**Student:** 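What follows is a structure written as structure tokens; I'll ask about it next.
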Amino acid sequence: MEYVFDVFFEECFNTMARSGLASRAGRRDIISHLNSVISGCIQGRQTATTQLAVGLAVTSAIDYHNRMKGDNYEVCMMGKYHNVLYIALRITWDWGLEDSNIVRNLLDAIFKCEKTFERLFLGALFGCNAPHFIAGWKSDFNDQDENLRAVVFFLHHSANARAIYPTYSYAYQQMRQTKFIDVPIDSCGKASPLRVALQAAAPDIVLILLRHGANPCPDDGGASPVLSLLEKLAECENRCYPFQLVSCLRLLLRTICMVEMPYKPHLYAVRREMFHCKYAALVEDGLLPTDQAYGVPTLKHMCRCLIRDVLRDNFQLPGSVVKLPLPRKLQKYIDLLD
């Protein structure tokens, strides 16, 4: 069966123009043909399972890309030679591939060429029409909801495979390993997906990212996400706070123990006074709990943050929350659902 898929990519791509996959229609045409080949392999061989056939198809696409790249001194030739990876990405999602190692190999190949996963994340964050205006290409997904579900699918597999990627750390001034969910998006000023979702005031996406282990304090060179939200809310006239911003703030506060006050290197008393003067209205209106700003958080909240930190570091969010020997209500609390 491996031979069938190898021949498919060799024959199709040898006669295809270099820009043959630049359009969404061109990619969908190849995806349709490949789906037919996969179905034929499953029906033609009784021993062939769907997962085996799809896994071989995706692996063949990755091998074709890597072979063409190797023939060009390990420099990706882009065009159809790179877009074959997005054919594989769509096939992986369409058929629900269960092999996390193959999915990780696909994500690895994409990252080695692009150093980002924005073609997967942008459509989920802004809708499938936005990538065309932001980055100049059209999304392969039908709508934002499908794109978001695909992101969750790849977040699940990346966590299973413990996928990490080298990105530049502004805090340490060097390259450090970053989880798939936190890899910066180039077209958005190299901000993490969570920061972009917060800037877009999209609480539903923020919740998905936080539940799946996004770092609430991403090391992407930007200001503290909590302080950025507080800044936006403090600028609202007549204390008319947008519901989306308030929802984002409350979700974010569930994942951090304390709000780190700015104005360093002033003494703590001075920093507290400056902080209170600026955000007093938010404290009075109940948007900023005093115990998280300059008090003592509740033990319940501190335990949630600690448990989530341990699970996040071990790629266990959110799947392992239900495995904790706790009542369902506490599991929901830890999983940010309560």
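None of these values were measured; they are calculated from a predicted model.
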**Student:** Do any N or O atoms from the side chain of N314 and from the backbone of V310 form a donor-acceptor pair under 3.5 angstrom?
**Tutor:**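 It does hold such a pair.
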**Student:** Would you say S158's side chain and L155's backbone share a donor-acceptor pair under 3.5 angstrom?
**Tutor:**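 Looks like yes, one N/O pair under 3.5 Å.
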**Student:** Would you say the side chain of V151 lies within less than 4.5 Å of the side chain of H212, judging by non-hydrogen atoms?
**Tutor:** no
**Student:** Is a side-chain N or O of H301 found less than 3.5 angstrom from the main chain of I256, in a donor-acceptor match?
**Tutor:**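 Checked: pair present.
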**Student:** Taking the side chain as C-beta and beyond, is there a heavy-atom pair between D145 and R149 under 4.5 Å?
**Tutor:** yes
**Student:** Looking at L21, is its backbone amide N or carbonyl O close enough to the side chain of R27 to form a donor-acceptor pair, meaning the two atoms are under 3.5 Å apart?
**Tutor:** yes
**Student:** Check each of Q174, K190, Q173 against Y168 using the side-chain hydrogen bond (donor to acceptor under 3.5 Å, both in side chains) test, and report the only one that passes.
**Tutor:**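 Result: among Q174, K190, Q173, Q173 is the only option passing the side-chain hydrogen bond (donor to acceptor under 3.5 Å, both in side chains) with Y168.
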**Student:** Main chain of D140, side chain of R90: is a donor-acceptor contact present, judged purely on distance under 3.5 Å?
**Tutor:**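 It does hold such a pair.
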**Student:** State yes or no: do F315 and V321 share one hydrophobic cluster built from I, L, V, M, F, W and Y residues joined by side-chain heavy-atom distances below 4.5 Å, directly or via other members?
**Tutor:** no
**Student:** In terms of side-chain heavy atoms, does D182 have a donor or acceptor partner in S192 at a distance below 3.5 Å?
**Tutor:**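 D182 vs S192: no donor-acceptor pair found between side chains.
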**Student:** Under 6.0 Å from the six-membered ring centre of Y86 and within 45° of its axis: does the NZ or CZ of R119 meet both?
**Tutor:**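 Ring-cation test returns yes.
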**Student:** Between R211 and L317, what is the shortest heavy-atom contact and its length?
**Tutor:** O-CB, 3.4 Å
**Student:** Are K329 and D338 close enough for a salt bridge, meaning some N to O gap below 4.0 Å?
**Tutor:** yes
**Student:** If every non-hydrogen atom of Q177 is compared with every non-hydrogen atom of P166, which pair is closest and at what distance?
**Tutor:**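 The pair with the smallest heavy-atom distance is OE1-N, 3.6 Å.
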**Student:** Between D108 and K112, does any side-chain N to carboxylate O distance fall below 4.0 Å?
**Tutor:** no
**Student:** List the atom of I42, the atom of A53, and the distance in Å for their closest heavy-atom pair.
**Tutor:**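 That closest heavy-atom pairing would be CG1-CB, 3.9 Å.
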**Student:** Could you point out which residue of L106, T167, T116 forms a side chain to side chain contact (heavy atoms under 4.5 Å, CB included) with F111?
**Tutor:**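 Only one of L106, T167, T116 forms a side chain to side chain contact (heavy atoms under 4.5 Å, CB included) with F111, namely T167.
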**Student:** Is the closest side-chain heavy-atom distance between C41 and F5 below 4.5 Å?
**Tutor:**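 Yes, side chains in contact.
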**Student:** Is any side-chain heavy atom of R254 closer than 4.5 Å to a side-chain heavy atom of L251?
**Tutor:**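 A side-chain contact under 4.5 Å exists here.
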**Student:** Are L52 and L34 linked, directly or through intermediate hydrophobic residues, by side-chain heavy-atom contacts shorter than 4.5 Å (ILVMFWY only)?
**Tutor:** yes
**Student:** I need the minimum non-hydrogen distance between T255 and R308, along with the two atoms involved.
**Tutor:** CG2-NE, 4.3 Å
**Student:** Please determine whether a side-chain nitrogen of the Lys or Arg among D71 and R67 lies less than 4.0 Å from a carboxylate oxygen of the Asp or Glu.
**Tutor:** no
**Student:** In this structure, are over 12 heavy atoms from other groups packed under 6.0 Å from E260 atom CD?
**Tutor:** no
**Student:** Looking only at non-hydrogen atoms, find the nearest pair between L252 and L198 and report the distance.
**Tutor:**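 Heavy-atom minimum between the residues: CD2-CD1, 4.0 Å.
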**Student:** Could you go step by step and tell me if Y165 and F117 meet the ring pair (Phe, Tyr, Trp, His ring centres under 6.0 Å) rule?
**Tutor:** CA-CA 11 Å; Y165 301 95; F117 293 108; 5.2 Å; yes
**Student:** Flag the pair F13 / Y64 as yes when their ring centroid distance falls below 6.0 Å, and as no otherwise.
**Tutor:** yes
**Student:** Do M274 and M261 have side chains that get closer than 4.5 Å, going by heavy atoms?
**Tutor:**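 Heavy-atom side-chain distance check fails, nothing below 4.5 Å.
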**Student:** Look at the aromatic rings of F153 and H157 and report parallel, tilted or perpendicular, splitting at 30° and 60°.
**Tutor:**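 Geometry flag for H157 against F153: perpendicular rings.
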**Student:** State whether the side chain of Q292 and the backbone N or O of M258 hold a donor-acceptor pair below 3.5 Å, judged by distance alone.
**Tutor:**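 No, because the side chain of Q292 does not come within donor-acceptor range (under 3.5 Å) of the backbone of M258.
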**Student:** Would you confirm whether the ring centroid of Y268 sits within less than 6.0 angstrom of the ring centroid of F275?
**Tutor:**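 Not under 6.0 Å, so no.
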**Student:** How close do G213 and I181 get, counting heavy atoms only, and between which atoms?
**Tutor:** O-CG2, 4.0 Å
**Student:** Is the CG atom of N72 crowded by more than 12 outside heavy atoms at less than 6.0 Å?
**Tutor:** yes
**Student:** Answer whether the closest heavy-atom distance between the side chains of L233 and L288 falls below 4.5 Å.
**Tutor:** no
**Student:** Any chance CE of M302 has more than 12 other-residue heavy atoms, nucleotides or ligands included, within less than 6.0 Å?
**Tutor:**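 Incorrect, the count does not exceed 12.
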**Student:** Can you confirm whether L120 sits close enough to F141 that some side-chain heavy atom of one is under 4.5 Å from a side-chain heavy atom of the other?
**Tutor:**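 In contact.
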**Student:** Hey, does the side chain of N238 reach the backbone of C240 with a donor-acceptor pair shorter than 3.5 angstrom?
**Tutor:** no
**Student:** Given side chain to side chain contact (heavy atoms under 4.5 Å, CB included), test C113 with K69 step by step and report yes or no.
**Tutor:** CA-CA 10 Å; C113 295; K69 185 177 178 180; 3.7 Å; yes
**Student:** Decide whether F154 and F126 are clustered together by the hydrophobic rule: side chain heavy atoms of Ile, Leu, Val, Met, Phe, Trp, Tyr closer than 4.5 Å, transitively.
**Tutor:**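 Yes; F126 is reachable from F154 via cluster members.
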**Student:** Would you please test Y279 and L287 for side chain to side chain contact (heavy atoms under 4.5 Å, CB included) and show each step?
**Tutor:** CA-CA 10 Å; Y279 303 116; L287 301 185; over 6 Å; no
**Student:** Please name the residue in the list E273, H276, R272 that meets the side-chain hydrogen bond (donor to acceptor under 3.5 Å, both in side chains) test with Y294.
**Tutor:** H276
